[in-house]
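The figures that follow rest on heavy atoms only: side chains count, while hydrogens, waters and symmetry mates do not. Every chain is numbered from 1 and lettered A, B, ... according to where its sequence line falls, protein lines coming before strand lines.
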There are 2 protein chains.
Amino acid sequence: MNNTRFATAIHIMTLLAKMPGAWVSSDFLAGSININAVIVRKELSVLREAGLVESKKGKEGGSRISKKMDEIYISEIFQAINNSDVLGKKNNHPNPKCFVGKEINNNLNNLFTETNDLVIQFLSKKKLSEFAENFG
Amino acid sequence: MNNTRFATAIHIMTLLAKMPGAWVSSDFLAGSININAVIVRKELSVLREAGLVESKKGKEGGSRISKKMDEIYISEIFQAINNSDVLGKKNNHPNPKCFVGKEINNNLNNLFTETNDLVIQFLSKKKLSEFAENFG
DNA sequence: TTATATGTAACAAATTATATTACAATTAAA
DNA sequence: TTTAATTGTAATATAATTTGTTACATATAA
């Protein structure tokens, strides 16, 4: 997908990982990423559903990581975002009267799925904590 | 990237692979993919620059594969399209005053590049000819 | 009670992707 | 030599996706 959702999610998770326990506001996160706070809250909502963060409403509220930091893998963030098609989209209506058009999407599906699984497997070897070590 | 360029290019190459030697028109290709012929010609232009196809203008013209079919790998098609960022885009202006914002894009660059290389290596094991065998 | 957060919906703006139109240049065949 | 079919490409238009903005109900600490 041609969007910044994964980059945004990694940025959020890295910052939270660097401030363990603290309730970090969406405004603070948005200021670091330099995007709109509503977008941050939407992404936090997705990360929350995936069990990666928890949030607290009201004054002094914010978000923090919700599991043992050493047990978070980059693949979990990638999968939470669910930006699956790493090789792009398929064409919607290939011609079923053509012997290639008829079969292309099944075949692309296999290729795309295999590639996706490969990426997830690769990212599942990368701990968030190790990624976060690269920062000041 | 959230587009259909790779799917389109694979479709083109598969059809040409199934019709070896023939000069296939962009109209015919467009009809099978069910997209506009100008888009097909643009993609053919990219594939041509990558040395994968050759085209002939004028009546009875068209395009055909320009190298030994057994020696074309899916990775070549992927790289020709140059839809690199499989994990998406980076945010443009992370805050340089934040210790994470300052370093995030270098770190994402590494991660994105590694992932891309992984995908290319994976696709470089797949021959177009084998992919094309799945079709009628 | 007030100030500061989140959560989320509805809408707007910007960006990206695809389609369309137009036409010059080329080539095969009638 | 003329005609019909085709590529190559630019310019423009339309559609789809992504990101941003505004608004406000709800929650909570001080």
Measure the CG-CE distance between A:L29 and A:M19 for me, rounded to the nearest 0.5 Å. 8.0 Å
Using whole Å, what does the distance between atom C1' of nucleotide D:dG8 and atom CG of B:L29 come to? 15 Å
To the nearest angstrom, how far is A:K90 atom NZ from C:dT18 atom P? 14 Å
Check the distance between D:dT9's P and B:R48's CZ and give it to me in whole angstrom. 7 Å
Between C:dA17 atom P and B:F6 atom CZ, what is the distance in whole Å? 16 Å
For a 4.5 angstrom cut-off between non-hydrogen side-chain atoms, does A:V119 reach A:L123? yes
Can you check the A:I12 CD1 to C:dT6 P distance for me, whole Å? 11 Å
Please give, in whole Å, the distance from C:dA19 P to B:D27 CG? 14 Å
Under 4.0 Å: is that the gap between some side-chain N or O of A:N2 and OP1 or OP2 of D:dT17? no
Would you check if B:I74 and B:F122 make a side-chain contact, meaning some heavy-atom pair closer than 4.5 Å? no
Given protein heavy atoms under 4.0 Å, the one-letter contact record of nucleotides 20-30 of chain D, with B base, S sugar-phosphate only and - none, is simply BBB----BBB-
Side chain to side chain contact (heavy atoms under 4.5 Å, CB included) partner of A:V86, chosen from B:D85, B:N116, B:V86: B:V86
Does B:E114 come within less than 4.0 Å of A:K126, counting only side-chain N to carboxylate O? yes
Any Lys/Arg nitrogen of B:E133 or B:K18 sitting under 4.0 Å from an Asp/Glu carboxylate oxygen of the other? no
In the structure I gave you, are the side-chain heavy atoms of A:L52 and A:I77 within less than 4.5 Å of one another anywhere? yes
Separation of A:E43 atom CD from C:dT8 atom C1', in whole Å? 14 Å
Nearest-Å distance for atom pair CG/P, residues A:L44 and C:dT6: 8 Å
Nearest-nucleotide 5' precedence on DNA chain D, B:G61 against A:T4: B:G61
Contact class for B:S26 vs. all strands (heavy atom < 4.0 Å): base, sugar-phosphate, or nothing? sugar-phosphate
